[in-house]
There are 2 protein chains.
Amino acid sequence: MTVEPTRDPNAVPPTAAALPVTVDVVALTVRDGALHVLLVERAVEPHRGALALPGGFVLPGEDLVTAAARELTEETGVTPPGHLEQLRTYGPLGRDPRGPVLSVAYLLVAPHFGVVEAGSDAAAAAWHPVTDVLPAGAGPAERTGPAAPGGLAFDHARILADGVERTRSKLEYSALATAFCADEFTVTDLRRVYEAVWGVRLDPRNFSRKATGTPGLLEETGRTTSGGTGRPAALYRAARPVVRPGGLADGAADVPALLNPPLLRPPV
Amino acid sequence: MTVEPTRDPNAVPPTAAALPVTVDVVALTVRDGALHVLLVERAVEPHRGALALPGGFVLPGEDLVTAAARELTEETGVTPPGHLEQLRTYGPLGRDPRGPVLSVAYLLVAPHFGVVEAGSDAAAAAWHPVTDVLPAGAGPAERTGPAAPGGLAFDHARILADGVERTRSKLEYSALATAFCADEFTVTDLRRVYEAVWGVRLDPRNFSRKATGTPGLLEETGRTTSGGTGRPAALYRAARPVVRPGGLADGAADVPALLNPPLLRPPV
DNA sequence: TCAAAAGTGTTGGTTATACACCCATGG
DNA sequence: CCATGGGTGTATAACCAACACTTTTGA
């Protein structure tokens with residue numbers, strides 16, 4: 001078995017570009033009835049001092065999901081719980097002053113995380129209401145230039161907008177909302193997620209019927225809450241695990257089990 | 001303005017991985033009442049002789065969408081018409097025998113393309129019914145190993161399955177079906193798309209009412225068909241252009257204008 | 001016994017499905 | 001005037017938003 005010295009047919013062609021790749025994480029949670037995103041303050045150039053999504057460069061031999069988890073922990077002290085799914089890939093041109101950089105964005109949805117603390121490359125890490133950092137009405141269609149004044153570093157404003165929009169849509173057609181809740185939760189907990197993410201008020205009585213009547217959304221535990229005021233509420237689990245077995249496994253397609261019937265957003 | 005010679009804070013850190021990046025295109029169309037995918041037969045190693053999605057390496061200074069269009073044209077002679085959207089990113093580990101390679105997959109949906117012809121790196125290029133190449137029932141959850149015997153090269157079976165599944169879902173909630181149709185089309189043309197992609201029969205009369213009654217889906221042209229047998233049908237255009245202005249622009253989010261109400265798949 | 005929260009019954013309007021029927025054209 | 005495919009009418013059933021009302025707890 002001799003190897004052709006001049007051209008190995010089983011090698012990457014030399015004309016191919018070799019690109020640095022980053023992963024950025026849109027970590028979302030619901031706090032105080034509002035959707036919050038986890039942001040860091042950049043401690044290094046470029047965009048030093050600006051707010052940014054946690055993230056960083058993929059290391060040699062590393063996979064994307066591994067890199068996402070590592071960067072999140074390094075910069076914010078948070079160990080990824082909950083539901084991690086790929087959002088989309090950005091670049092490589094015109095998004096980083098250092099040159100062509102490809103960025104793969106991930107969406108992380110989870111109930112209240114542990115305490116966040118700034119790590120390497122980050123001067124600070126904290127939760128921000130998305131309404132504070134995203135100009136109202138700035139849908140994903142509105143292109144925000146790189147590092148808009150007062151905005152996020154790089155094209156992170158657009159990535160965040162995409163992540164929020166995806167989350168809003170997926171509440172309708174998938175069981176993603178349960179990823180915002182703890183292991184066991186009440187129908188009211190679930191309703192507060194919908195209300196926070198969509199920014200609407202929903203009728204608790206009709207929502208209860210809809211949620212419990214939608215196959216593939218809830219699974220009874222037989223247990224109830226206690227201690228609170230009022231009648232105890234039934235506790236549920238997510239019917240099909242939103243977190244795929246294996247924890248951080250990179251979900252197959254971003255086409256989860258669809259809810260049927262869907263929980264449609266009320267028309268404005 | 002002196003530049004720090006030892007460490008430029010505005011440079012990509014040397015520890016970052018530089019990865020070769022490919023783009024792969026899942027090109028779908030409806031032919032003879034069935035969903036077809038455009039595949040090439042690989043003329044070079046690895047996986048020489050196997051069927052694969054058209055695609056190849058991104059070149060230096062090139063953007064992803066540009067690379068996707070270039071590779072598609074090079075390998076199949078097809079100039080991308082229609083609707084191009086990013087599907088998802090795969091890798092970099094464990095998917096290419098040449099080593100870590102990141103692949104960004106695109107979904108291309110269009111009406112009948114022009115003639116396809118094999119180009120460089122491809123021994124053949126042709127349309128295949130997806131049912132021929134994807135084992136029935138192989139949803140995106142079923143992981144098919146790299147280059148399963150008789151299957152597609154690399155992890156292309158999984159990419160294709162993801163693309164088909166995404167297409168099926170998006171017919172329900174978006175106007176994607178119009179991207180399968182020519183500039184002007186009848187309600188029956190549109191119905192045949194739904195029937196082919198979902199693999200079901202739909203009542204022509206009720207479908208007509210639903211399609212014409214769903215805002216954001218159809219736009220009247222005032223014109224009708226002629227020459228065929230039976231009563232002439234009204235011709236429509238896609239209401240909101242599925243192709244974004246600029247042709248191949250990389251769509252903002254994969255969150256297109258949602259149909260309200262959606263056109264739900266009939267329950268099995 | 002009261003307040004608070006959970007959950008069920010009821011009702012009237014909307015929407016969907018199934019299918020009978022009419023419309024417009026080519027041969 | 002008949003065959004063919006396009007499109008509308010309509011009855012029945014299913015669904016849904018609104019809200020009165022009952023249940024179950026803590027104080």
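Below, read A as the first sequence line, B as the second, and so on, with proteins coming before strands; counting in each chain starts at 1. Quick note: numbers below take in every heavy atom, side chains included, and nothing from hydrogens, waters or symmetry partners.
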With DNA chain D as reference, determine whether A:D203 or B:L235 sits nearer its 5' end, using the nearest nucleotide of each.
-> B:L235

When the nearest nucleotide of DNA chain D is assigned to A:R205 and to A:S226 on a heavy-atom basis, which residue is associated with the more 5' position?
-> A:R205

Rounded to the nearest 0.5 Å, how far does [atom2] of [Y] lie from [atom1] of [X]?
{"X": "A:K170", "Y": "A:L259", "atom1": "NZ", "atom2": "CG", "value": "11.0 Å"}
{"X": "A:I159", "Y": "A:L107", "atom1": "CD1", "atom2": "CG", "value": "12.0 Å"}
{"X": "B:L263", "Y": "B:E172", "atom1": "CG", "atom2": "CD", "value": "8.5 Å"}

Specify the separation, in whole Å, of atom [atom1] of [X] and atom [atom2] of [N].
{"X": "A:R201", "N": "D:dA17", "atom1": "CZ", "atom2": "P", "value": "17 Å"}
{"X": "A:E220", "N": "C:dG7", "atom1": "CD", "atom2": "C1'", "value": "13 Å"}
{"X": "B:Y236", "N": "D:dG6", "atom1": "OH", "atom2": "C1'", "value": "10 Å"}
{"X": "A:L263", "N": "D:dC15", "atom1": "CG", "atom2": "C1'", "value": "14 Å"}

Nearest atoms (heavy-atom pairs only) where B:L87 meets B:Y90 = CD2-OH, 4.3 Å

My understanding is that only residues two or more places apart in sequence, or in another chain, count here; which of them pass side-chain contact (heavy atoms from CB on, under 4.5 Å) with [X]?
{"X": "B:D132", "answer": "B:P129"}
{"X": "A:N260", "answer": "none"}
{"X": "A:T212", "answer": "A:V187, A:L218, A:Y236"}

Please list each protein N or O that sits under 3.5 Å from an N or O in nucleotides 23-25 of chain C, with the distance.
from, atom 1, to, atom 2, distance (Å)
C:dC23, O2, B:R231, NH1, 3.3
C:dA24, N3, B:R231, N, 3.4

Name all pairs fulfilling the salt bridge (charged side-chain N to carboxylate O under 4.0 Å, His left out) condition that reach into residues 230-239 of chain B, sequence neighbours left out, sorted by first residue then second.
-> B:E184-B:R237, B:E219-B:R237

Listed once per pair and sorted, the salt bridge (charged side-chain N to carboxylate O under 4.0 Å, His left out) pairs that draw on residues 204-213 of chain A, sequence neighbours left out = A:D203-A:R205

To the nearest 10 degrees, how far apart in direction are the end axes of the helix from C:dT1-D:dA27 to C:dG27-D:dC1, each fit to five base pairs?
-> 0°

Would you say the side chain of A:P261 lies within less than 4.5 Å of the side chain of B:L264, judging by non-hydrogen atoms?
-> no

Using side chain to side chain donor-acceptor pair (under 3.5 Å) as the criterion, list what pairs up with A:R191, not counting sequence neighbours.
->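 Checked A:R191 against side chain to side chain donor-acceptor pair (under 3.5 Å); matches are A:E195.
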
Sequence neighbours left out, what passes ring-ring contact (aromatic ring centres under 6.0 Å, His included) with B:Y194? Give chain and number order.
->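 B:Y194 satisfies ring-ring contact (aromatic ring centres under 6.0 Å, His included) with B:W198, B:F207 once adjacent residues are dropped.
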
Return the polar atom pairs (N/O with N/O) between nucleotides 13-17 of chain C and the protein under 3.5 Å, or none.
from, atom 1, to, atom 2, distance (Å)
C:dT17, OP2, B:K210, NZ, 3.2

Enumerate donor-acceptor pairs with a distance under 3.5 Å from any side-chain N or O in residues 26-37 of chain A to protein atoms, sequence neighbours excluded.
from, atom 1, to, atom 2, distance (Å)
A:T29, OG1, A:A110, O, 2.8
A:H36, ND1, A:A34, O, 2.9

Using a heavy-atom distance cut-off of less than 4.0 Å, which residues of residues 182-193 of chain B contact DNA chain D?
-> B:T188

